[in-house]
Number of protein chains: 2
Amino acid sequence: MAESGASGGAVSISEVAEQAGVSVATVSRVMNGQGVVKPATRDKVLAAVEALGYRMNHLARNLRTAESRMLLTMVPDVGNPFYAEIVRGIDSVARQQGYFVLLCDTGADPGRERSYFDLLRTRRADGAICLDPDTVQHALAEEMNGVPWVACCEFDPDVAVPYVGIDNRAAAADAVRHLIAQGHTRIALINTDARYLYARQREAGMRDALAEAGLTLPAAWHVTVDSLDFDAGAEAARQLISRDEAPTAIFAVSDTLAIGVIRGLREARLAVPRDVAVMGFDDIAMAAQIDPPLTTIAQPMRELGETAARLLLQRLAQPQLAVPGVLLPHRLVKRGTA
Amino acid sequence: MAESGASGGAVSISEVAEQAGVSVATVSRVMNGQGVVKPATRDKVLAAVEALGYRMNHLARNLRTAESRMLLTMVPDVGNPFYAEIVRGIDSVARQQGYFVLLCDTGADPGRERSYFDLLRTRRADGAICLDPDTVQHALAEEMNGVPWVACCEFDPDVAVPYVGIDNRAAAADAVRHLIAQGHTRIALINTDARYLYARQREAGMRDALAEAGLTLPAAWHVTVDSLDFDAGAEAARQLISRDEAPTAIFAVSDTLAIGVIRGLREARLAVPRDVAVMGFDDIAMAAQIDPPLTTIAQPMRELGETAARLLLQRLAQPQLAVPGVLLPHRLVKRGTA
DNA sequence: TTGAAAGCGCTAACAC
DNA sequence: GTGTTAGCGCTTTCAA
């Protein structure tokens, strides 16, 4: 129904007003449920809206109200299941509050990130949630000051921006303690890019746990990869097992890496966890599917996203209010690999 | 560096004009590189822009030009790696053409889809790419007629909308022929929701291949699941192996399902492919990581996305031009499970 | 080559 | 309760 006015182009508010025999102000009032309108008038307007198939032009409304009802979400990699789950969390609270989310893949590239951030200054988005490395956040923080944004997972404590994340250092320490409790003393680390806060923090946590047990992390057991994909993990595993003295356990800072590690090990005819134990981080859905299922640290991804969105919405509502940083709990999930 | 005007709020074009001692029209011209402006004037304007830190308000521009430079992408599930890869393809060509993509998770729910589609009619997006079930596309096609959109993966040949996809029927037939070539005669199907075109087509393809070999698909070997997640696959596998006469091979219409199947089989102490062979569909990155690696049909996900975006852009550029449907090639990837 | 002015479709004072 | 009107920040004729 209601497709009559579709001939020319979009129906505007004034056409509705004319059809209903009222002013545009009245139409606006009923469309927004604001102000008082006599029921009879309201019905006339609604009838006209229906008859013409009127849809409000939000571009115009937003120009007037100076808001776009769009929330920008910048992630380093939309294909990574870890981020995908966070995005879902963000989306659910945003939509519930009448916002749409504009999802952008930055590839952790400051240039791309800057161009997306520009959406805020050009009024196409009201606020942003940034999941990019804290180092790139830091670089942009100064010029982005004044625009409403929050940090998720990655955050720079020195930048006065609301954030939500987990205690990566404590979580990594828990992970490594678990390995140690299984009797391992030769534990390797596969880490990413030190541009990421989590990478630095998880390494620190690992060293904490190692130190408690009087252990160390020799350079030979410390490999750094520049991507989180499966192949990077497999390649790192190959390197590790070719060392003179090979580790008996590997802690990978992400599940995707850990899953690649397991494949690499398998291709080298090494059994997990018998020959080498593997510990991941994140607890993506896939972790429970592989054989043996991956032992890992679970992050509350959904809540991370929900909280980030709430923080941002709160900041938009009360820009001057100081919003606290929040740390959510992690959890060790013991499965078959360690 | 250009952060002076940041005090109050955004700098507007008229402030730039004043600062440069020219009219707003001139500022507009230099901002858009249109019309001829004397180099000296242009420099004055640019200097003012720089000094004030001016960023154009796209909301206003878009209201004027009646375009938003946003492309809506509706997917049934952003968390599914298959869609994630397609989205990347879309994003890459969109960004290259100066468009942003608004990614929306519909959950294959017509209501949600309708509300997103509304972004088009309210001018917050210029066009849409829809990956939802062809049946929900069909339901909406009538009321969405007139708005520019294209279909990706799922499409209804009866709806005159440009589309890109693969030949699901031929691909599924290839998959099943492979199983038959391995000597299997008791082949089960795990399918989704018949709302999806691909589900119906893949089943038809399977029946084609079966018929060629004088085989059939008994009801007992045909299970339908209502989600594509791992657990659904595992549960379906459990059902299948509890049949009086259990199948020796399983064709799952998606890799995620197939991976769940393998886990289900493993939990039941059945070896893959020795006890039962498994064939997936899609070739998501994860397929190569599991043990044994998944044999599957590869879809050109990236190209699917890129093509969809190009089709849409083309349609936006020339609305009246008839855009053809395009079918991309698939490929059988033989690995360890069949 | 540049400027003045008329809107794009809507909201929000302010009148009546 | 409802209407009039002045913009929101920009683009785009049309004149000069």
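No hydrogens, no waters, no symmetry mates; every other heavy atom, side chains included, goes into these values. To find a chain, count down the sequence lines: A is the first, B the second, and so on, and within it residues start at 1.
- Distance B:H58 NE2 to D:dC10 C1': 11 Å, rounded to the nearest Å.
- Position along DNA chain D of the nearest nucleotide to A:G35 versus B:R55 favours A:G35 as the more 5'-ward residue.
- Counted by atom type alone, B:N32 and B:R61 present one or more donor-acceptor pairs between their side chains at under 3.5 Å.
- Between B:E154 and the options B:D132, B:D134, B:L131, a side chain to side chain contact (heavy atoms under 4.5 Å, CB included) holds for only B:D134.
- Ion pairing between a basic and an acidic side chain is recognised when a charged N comes within 4.0 Å of a carboxylate O; A:R88 and A:D91 show no such pairing.
- Among the nucleotides C:dT11, D:dT11, C:dT2, the one closest to the side chain of A:T65 is C:dT11.
- When each of B:Y116, B:F117, B:F155 is paired with B:W149, the ring-ring contact (aromatic ring centres under 6.0 Å, His included) condition holds for B:F117 and for no other.
- Residues A:P76 and A:Y196 have side chains in contact (heavy-atom distance under 4.5 Å, counting atoms from C-beta outward).
- Taking atom CG on A:L59 and atom P on C:dT11, their separation rounds to 12 Å, with Å as the unit.
- When rounded to the nearest whole Å, the span between CG of B:N62 and C1' of D:dT11 equals 12 Å.
- Applying the 4.0 Å criterion to OP1 and OP2 of D:dT2, one finds that A:S23 has every side-chain N and O outside that range.
- Side chain of B:K38, nearest nucleotide from D:dT2, D:dC10, C:dT2: C:dT2.
- As judged by a 4.0 angstrom heavy-atom cut-off over every strand, B:A66 is placed among residues making no nucleic acid contact.
- The residue among B:R64 and A:M31 whose nearest nucleotide of DNA chain C is located toward the 5' end is B:R64.
- The closest side-chain donor-acceptor pair between B:S68 and B:D126 falls under 3.5 angstrom.
- Across all strands, A:N32 comes closer than 4.0 Å only to sugar-phosphate atoms, never to a base (heavy-atom distances).
- Between A:R123 and A:E67, none of the side-chain N atoms (NZ, or NE/NH1/NH2) sits under 4.0 Å from a carboxylate O, so this pair counts as no salt bridge.
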Pairwise N/O distances under 3.5 Å, protein to nucleotides 14-16 of chain D:
none

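- Comparing C:dC10, C:dG3, D:dT12 by their nearest atom to the side chain of B:V22 picks out C:dG3.
- For D:dG9, neither phosphate oxygen OP1 nor OP2 lies less than 4.0 angstrom from any side-chain nitrogen or oxygen of B:R61.
- Within the nucleic acid shown, A:T26 comes within 4.0 Å of sugar-phosphate atoms alone, with no base atom in reach, counting heavy atoms only.
- The nearest whole Å value for the distance from the CZ atom in B:R121 to the P atom in C:dG9 is 17 Å.
- Taking atom CD of B:E18 as the reference point, atom C1' of D:dG9 lies 15 Å away to the nearest angstrom.
- Phosphate proximity of D:dG9 to B:S12: absent, as no side-chain N or O sits under 4.0 Å from OP1 or OP2.
- Among the nucleotides C:dT1, D:dT4, D:dG9, the one closest to any side-chain atom of A:L63 is D:dG9.
- A:M70 and A:Y99 make their closest contact through N-CD2, 4.0 Å (heavy atoms, listed as atom of the first residue, atom of the second, distance).
- A close approach under 4.0 Å does occur between a side-chain nitrogen or oxygen of A:Q34 and OP1 or OP2 of C:dA12.
- Separating the CD atom of B:E67 from the C1' atom of C:dG9 is a distance of 17 Å, rounded to the nearest angstrom.
- Among the atoms of the strands shown, base atoms are found under 4.0 Å from some heavy atom of A:V36.
- Whole-Å rounding puts the B:N57 CG to C:dC10 P distance at 17 Å.
- One can place CE of B:M56 at 7 Å from P of D:dC10, the figure rounded to the nearest angstrom.
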